[in-house]
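Everything numeric here is computed off the predicted structure, so don't read it as measured data.
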Amino acid sequence: MERVTHDGRATAYRRFDRGGDGPTVCLVHGSGGTKDVWKSQARIADRFPGVAVDLSGHGDSDDVGTPAGRETLDAYADDVVAVAEATDATVLCGNSLGGAVALWIALERDLALDGLVLAGTGAKLAVAEPLRDALADDFDRAVSLLHEPDRLFHDAPAEYVELSEAAMRACGRVVTERDFLTCHRFDVRDRLDAVDVPALALVGAHDGLTPPAYHEYLAEEIPDGEWTELPDAAHLAMLERPAAFNEALSVFLGDL
């Protein structure tokens, strides 16, 4: 694990590099997650190096005292830009909240990018009221809701679900609620035509949190956009179907 210091805090990241000479990919987790969600993407590091980030308040990164919404989104963007600049990453791959952060950087920052991979995400990320209520006052219920079938996972082994639940509890209610409320306030539907790099929207066919239609919309509205649906997977397709996810990611990166 490595760290980069910026804006008065340290952001942790893990580097995957086995000599690949393709573009370096900066991998950004979703709400209540950590860099560990990307462990299977280390398998393609012989072709495409990667760096997996812990956003502020997650995993091994320092927290940031920002309220949910634009200020937190900006702080998370600062985390990712700092890591990308430190590691020469030129492609951002974000899942869910991480996809919102990637889009925000493409629209708001001067980071030189070659492409975006938007996995299990959308241009608008409204969060259902029952989940918002549970995040406010019944965190165990919120964790259970997210791990119901066809939300985070479609048909993953039980140990995957248990590890995911434990990781979210370790992240804690305060940070996880901040993440989801930041998603709830995110909406760049009217700005997608300003994304000026190739983008791949990548979705599990059974994703009930950010359905395939969200990704079709991204592909239609981003000038150089495309989308791919992965069978037998839901929101965390990179964990549930890593071979299919890595193949789609590799094809996109190879085309760049």
Side-chain angles (χ1 to χ4, degrees), residues 14 16 25-48 50-55 58-59 91-102 116-122 125 127-128 131 142-171 176 179-180 183 199-219 226-253:
R14 178 172 293 122
F16 308 132
V25 186
C26 185
L27 302 152
V28 190
H29 63 78
S31 298
T34 71
K35 59 185 176 299
D36 293 340
V37 77
W38 300 106
K39 60 185 180 181
S40 295
Q41 282 57 65
R43 299 174 189 175
I44 62 171
D46 58 337
R47 291 172 288 160
F48 305 106
V51 287
V53 181
D54 277 338
L55 297 175
H58 304 73
V91 178
L92 302 181
C93 175
N95 171 248
S96 200
L97 166 69
V101 174
L116 295 176
V117 180
L118 306 170
T121 191
L125 292 171
V127 178
L131 178 55
V143 173
S144 294
L145 283 172
L146 288 164
H147 289 86
E148 289 181 353
D150 292 343
R151 291 184 177 174
L152 293 181
F153 296 106
H154 172 57
D155 188 25
E159 57 265 32
Y160 278 40
V161 176
E162 291 169 6
L163 287 169
S164 178
E165 289 177 340
M168 191 166 286
R169 290 192 175 97
C171 187
T176 304
D179 290 350
F180 275 101
C183 286
L200 170 65
L202 192 54
V203 59
H206 300 276
D207 188 343
L209 295 174
T210 54
Y214 284 29
H215 300 75
E216 185 175 11
Y217 180 83
L218 287 168
E226 59 182 292
W227 75 291
T228 297
E229 182 176 292
L230 302 177
D232 302 320
H235 197 60
L236 297 182
M238 76 289 287
L239 273 177
E240 192 169 20
R241 294 291 179 266
F245 187 98
N246 286 350
E247 176 62 22
L249 177 58
S250 297
V251 169
F252 177 73
L253 294 173

Handout entry: Test item: Val117 and Leu249 side chains (from C-beta on) under 4.5 Å apart, heavy atoms
Key =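 Sidechains of Leu249 and Val117: in contact.
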
Practice task
Would you check if Leu146 and Glu165 make a side-chain contact, meaning some heavy-atom pair closer than 4.5 Å?
Solution key: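 A side-chain contact is absent here, since even the closest heavy-atom pair is not under 4.5 Å.
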
Over all heavy atoms of both residues, which pair between [X] and [Y] is shortest? Give the atoms and the distance, please.
X	Y	result
Pro242	Arg43	CG-NH1, 3.6 Å
Asn246	Gln41	OD1-NE2, 2.7 Å
Leu125	Ser96	CD1-O, 3.9 Å
Leu230	Ala237	CD1-CB, 4.0 Å
Leu209	Asp207	N-OD1, 2.9 Å
Thr176	Gly32	OG1-CA, 3.6 Å

Taking [X] for its side chain and [Y] for its backbone only, find out whether a donor-acceptor pair lies under 3.5 Å.
X	Y	answer
Glu240	His154	yes
Asn95	Gly98	no
Asp232	Arg241	no
His215	Thr121	yes

Handout entry: Inter-residue atom distance Leu202.CG - Leu118.CG, 0.5 Å rounding
Key =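 Nearest 0.5 Å value for the CG-CG distance: 9.5 Å.
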
Problem - Verdict with reasoning, Phe180 to Leu131, per side chain to side chain contact (heavy atoms under 4.5 Å, CB included) - result: CA-CA 9 Å; Phe180 275 101; Leu131 178 55; 4.0 Å; yes

Problem - Residues Asp54 and Arg14 bridged, charged N to O under 4.0 Å - result: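 Arg14 and Asp54: not salt-bridged.
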
Exercise for the section: Please list, chain by chain and in numerical order, all residues satisfying side chain to side chain donor-acceptor pair (under 3.5 Å) with Glu148, sequence neighbours excluded. Expected result: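 Listed in chain order: Arg151.
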
Handout entry: Those residues that, when tested against Ser31, pass side chain to side chain donor-acceptor pair (under 3.5 Å) (two or more places apart)
Key =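 Counting only residues at least two positions away or on another chain, Ser31 forms no side chain to side chain donor-acceptor pair (under 3.5 Å).
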
Exercise for the section: Fit a plane to each ring of Phe245 and Trp38, take the angle between them on a 0 to 90° scale, and name the class: parallel (under 30°), tilted (30 to 60°) or perpendicular (over 60°). Expected result: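 Taking Trp38 first and then Phe245, their aromatic rings sit tilted (interplane angle of 30° to 60°).
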
Practice task
Kindly indicate, with the supporting measurements, whether the criterion side-chain hydrogen bond (donor to acceptor under 3.5 Å, both in side chains) is fulfilled by His58 and Asp179.
Solution key: CA-CA 10 Å; His58 304 73; Asp179 290 350; 2.6 Å; yes

